[in-house]
Q: 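The following block contains the structure, expressed as structure tokens.
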Amino acid sequence: ELVADSEGELHAGIPQPDDAHARFALAVTTVDGTTVTSDDADLEVTIQSVVKPWIYAAALRHDAGAVHDRIGVEPTGEPFDALVVEAETGRPPNPMVNAGALATTSLASGESAEAKWSWLLDGLSRFAGRELELDAGILASARETSFRNRSIAQLLAGYGRLACGPEDAVEPISARPREPVL
């Protein structure tokens, strides 16, 4: 039995648009194929940082050697958005912190920012089992507050750990107009 709990706080790093709400959903599929869902499971939500393992998986499938050359696999006690790299190698410590996610994103297949974005969106849509799209409000909000990630990308570029420019690692769709994208 599920119990309602509205305690906790939303991450304040990306201001949410006025129409965004805190949501909770759970979906469990058993080995016999039975799926049980709760609360907001039918609503579409933004995946934001939850995307990290899926981009990492796509990058490993595309070029595992490049991934291992540029990104470590060790845990870190630092916050997810820490400005940190391995002292000896300059690599981000792992793909689940923002530094590692940016380095992983930089490895997306494609010669242009647009091609890299298309490759990422296609791969993530295949993982999701449906076509995904951007939430224009969240994207605009993230653009307004991405200073820390831009700093991390500059640090990684200085260590030669990005496979593209730092701006494209932060925002692979930078080739598109700055207006909200659907």
Q: Does Ser112 reach the main-chain N or O of Ala115 with its side chain, forming a donor-acceptor pair under 3.5 Å?
A: yes
Q: Looking at Ala163 and Ser106, what are the two nearest heavy atoms and their distance?
A: N-OG, 2.9 Å
Q: For Phe147, what are the other residues in its hydrophobic cluster, where any two members join if their side-chain heavy atoms are less than 4.5 angstrom apart?
A: none
Q: If every non-hydrogen atom of Val170 is compared with every non-hydrogen atom of Leu102, which pair is closest and at what distance?
A: CA-CD2, 3.8 Å
Q: Hey, could you give me each pair passing side chain to side chain donor-acceptor pair (under 3.5 Å) that has a residue in residues 53-76? Not counting sequence neighbours.
A: none
Q: Are Lys52 and Asn98 packed together at the side-chain level, in the sense that at least one heavy-atom pair is separated by less than 4.5 angstrom?
A: yes
Q: Measuring only between side-chain heavy atoms, which start at C-beta, is Val97 closer than 4.5 Å to Ile152?
A: no
Q: Measure the spacing between CG of Leu162 and CD of Gln154 and express it to the nearest 0.5 Å.
A: 9.0 Å
Q: Calculate, to the nearest 0.5 Å, the distance between atoms CG and CZ belonging to Leu132 and Arg126 respectively.
A: 11.5 Å
Q: Please, which pairs that meet ring pair (Phe, Tyr, Trp, His ring centres under 6.0 Å) have at least one residue in residues 92-116, sequence neighbours excluded?
A: none
Q: For Leu155, give me all partners under side-chain contact (heavy atoms from CB on, under 4.5 Å), at least two apart in sequence or on another chain.
A: Leu83, Val85, Tyr159
Q: Roughly how far, to the nearest 0.5 Å, is the CZ atom of Arg161 from the CG atom of Leu107?
A: 11.0 Å
Q: Show me the pairs that pass salt bridge (charged side-chain N to carboxylate O under 4.0 Å, His left out) and involve residues 82-105, at least two apart or across chains.
A: Glu86-Arg91
Q: As a test of understanding, state which of Arg150, Glu144, Arg143 forms a side chain to side chain donor-acceptor pair (under 3.5 Å) with Ser146.
A: Arg150
Q: Hydrophobic clustering (ILVMFWY, side-chain heavy atoms < 4.5 Å, transitive) - are Leu60 and Met96 grouped together?
A: yes
Q: Which heavy atom of Thr104 sits nearest to which heavy atom of Ala59, and what is that distance?
A: CG2-CB, 3.6 Å
Q: Quick one: side-chain contact (heavy atoms from CB on, under 4.5 Å) partners of Pro79, sequence neighbours excluded?
A: Asp81, Ala82
Q: Compare every heavy atom of Ala57 with every heavy atom of Phe127, then report the nearest pair and how far apart it is.
A: CZ-CB, 3.8 Å
Q: Taking all heavy atoms of Cys164 and all of Ala169, pick out the closest pair and write down the distance.
A: SG-N, 3.6 Å
Q: Answer with yes or no whether the hydrophobic clustering places Leu121 together with Val51; edges join I, L, V, M, F, W, Y residues whose side-chain heavy atoms lie under 4.5 Å apart.
A: yes
Q: Please name the pair of heavy atoms, one in Ala58 and one in Trp119, separated by the smallest distance, quoted to 0.1 Å.
A: O-CH2, 3.6 Å
